[in-house]
Number of protein chains: 2
Amino acid sequence: MIFGVKSSGPSAGPPRGGSGAAFLVAQVGAHAASMFAERLAALGLSPPHAGILRALSGAPGISQRALGTMLGILPSRLVILLDELDERGLLERRDDPDDRRTYRLFVTDKGQESLEAIGRVARAHQVALCAALSDDERRTLADLLSRIADEQGLTPGVHPGFRKMGSAAPRTGPKGPRPRGAPRR
Amino acid sequence: MIFGVKSSGPSAGPPRGGSGAAFLVAQVGAHAASMFAERLAALGLSPPHAGILRALSGAPGISQRALGTMLGILPSRLVILLDELDERGLLERRDDPDDRRTYRLFVTDKGQESLEAIGRVARAHQVALCAALSDDERRTLADLLSRIADEQGLTPGVHPGFRKMGSAAPRTGPKGPRPRGAPRR
DNA sequence: TATTGTTATACTCTATAACTATA
DNA sequence: TATAGTTATAGAGTATAACAATA
């Protein structure tokens with residue numbers, strides 16, 4: 001668990017009744033992300049891998065720098081992810097004749113096949129996730145979420161990740177001594 | 001970025017057009033989680049802290065074990081989170097006279113105040129997140145997500161966290177030697 | 001001097017195992 | 001022997017700094 005916050009007092013606020021829309025989006029969203037990651041694992045890929053391949057297929061020849069900026073992945077992490085995709089032969093790093101510092105990234109034929117497999121996985125995932133809804137309702141859901149995403153300034157097709165999630169409460173004092181492995185008494 | 005997967009070929013599948021409902025839920029959900037965490041940080045709390053206080057207020061006197069099971073938090077992590085809330089005086093660990101191994105957890109008065117502050121933060125968060133929707137639309141969204149959450153077997157009020165997210169592709173070989181800090185050539 | 005790709009390092013969160021006290 | 005709480009430790013993901021090659 002991570003969240004779990006609904007209306008406190010008897011007052012009536014947005015998150016009344018069971019759970020509010022905001023909490024439900026986060027809850028179902030985390031569930032959806034986990035389920036999708038699990039399906040992707042069957043292909044030997046992680047969500048970041050899939051996002052990179054997809055972005056790359058839409059912007060062939062892009063540099064690592066530009067790709068990282070586009071997807072919000074730090075350079076140091078991107079190197080590792082690209083190495084993994086490179087090792088699998090799903091993408092190619094070609095030299096840039098105009099700037100010997102940079103690479104030009106391309107999806108290989110094998111990478112294209114992976115991309116298609118990812119698409120099939122994504123479709124199966126969506127069907128499973130929205131099993132409780134009719135086609136019309138699923139479209140309504142997508143429309144509402146789409147409008148929120150737009151108004152909130154989210155980049156279409158780019159998952160924001162979970163950068164600023166934990167912490168918020170740095171351990172203060174020296175955590176008073178407490179007998180190891182036992183209740184203090 | 002993490003995901004980013006839409007329909008691949010020209011075929012028509014669930015995630016056609018812009019993005020599918022499944023991707024949008026994950027995208028907006030991660031955004032909502034980040035925004036909420038940011039607001040909570042102003043109170044010196046993290047999402048897990050808030051979830052613990054809330055769960056505790058609904059089950060006074062519960063043991064750490066039971067709380068961890070309820071929220072899906074591992075015992076080793078729960079100890080740290082409870083220590084932090086304890087240090088802030090938001091909860092109390094009382095001895096259980098019937099079983100000297102366990103504690104009985106209670107929210108303090110100060111913790112109750114925090115809980116109310118968390119409620120206010122949650123309401124403001126929801127209003128901001130759903131600014132693009134009318135009240136009716138927000139209710140529709142909550143209803144649709146609620147039905148998905150129910151059908152998917154999610155526990156009401158419990159955020160599933162992000163346990164099985166990364167990996168799926170363990171580094172294979174010894175990562176061929178490459179000149180340090182420079183392109184290989 | 002600035003930039004690209006890379007490595008090193010620290011911090012957090014997740015997960016497992018081991019340990020103490022108690023049952 | 002089993003269980004509750006605790007600690008230690010390893011593994012990922014995030015983030016920053018530093019580095020070599022090139023601009």
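Side chains are part of it too, since the values below use all heavy atoms of this structure and drop only hydrogens, waters and symmetry mates. Just so it is clear: chains get the letters A, B, ... in the order the sequence lines come, proteins before strands, and each one is counted from 1.
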Once you round it to whole Å, what is the distance between [atom2] of [N] and [atom1] of [X]?
X      : N      : atom1 : atom2 : value
B/I80  : C/dA15 : CD1   : C1'   : 12 Å
A/R65  : C/dT4  : CZ    : C1'   : 6 Å
A/L105 : C/dG5  : CG    : C1'   : 11 Å
B/L71  : C/dC13 : CG    : P     : 16 Å
A/L81  : D/dG13 : CG    : C1'   : 10 Å
A/D99  : D/dA20 : CG    : P     : 19 Å
A/R100 : D/dT22 : CZ    : P     : 5 Å
A/R77  : C/dC13 : CZ    : C1'   : 14 Å

Does the distance from a Lys or Arg side-chain N to an Asp or Glu carboxylate O, for B/D150 and B/R147, drop under 4.0 Å?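 No salt bridge links B/D150 with B/R147.
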Is it true that B/R93 and B/D86 make a salt bridge, defined as a side-chain N closer than 4.0 Å to a carboxylate O?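 Counted as a salt bridge, because a side-chain N and a carboxylate O are separated by less than 4.0 Å.
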Common cluster, B/L85/B/F36, ILVMFWY with side-chain heavy-atom separation under 4.5 Å: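 Both belong to a single hydrophobic cluster.
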Without swapping roles, check the side chain of A/R39 against the backbone of A/M35 for a donor-acceptor pair under 3.5 Å.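 The answer is no, because no donor-acceptor pair under 3.5 Å joins these two groups.
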Should B/R101 be listed as having a side-chain N or O under 4.0 Å from OP1 or OP2 of C/dA23?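 No, because none of the side-chain N or O atoms of B/R101 sits under 4.0 Å from OP1 or OP2 of C/dA23.
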Below 4.0 angstrom from OP1 or OP2 of C/dT6, is there any side-chain N or O of A/R93?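 True: A/R93 side-chain N/O within range (under 4.0 Å) of C/dT6 OP1/OP2.
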Could you check whether B/S76 gets within reach of a base, just the sugar-phosphate, or nothing at all, counting any heavy atom under 4.0 Å?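 The residue B/S76 makes base contact.
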Reading DNA chain D from 5' onward, which residue's closest nucleotide shows up sooner: A/D98 or A/L74?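 Mapping each residue to its closest nucleotide by heavy atoms, the 5'-most match is A/L74.
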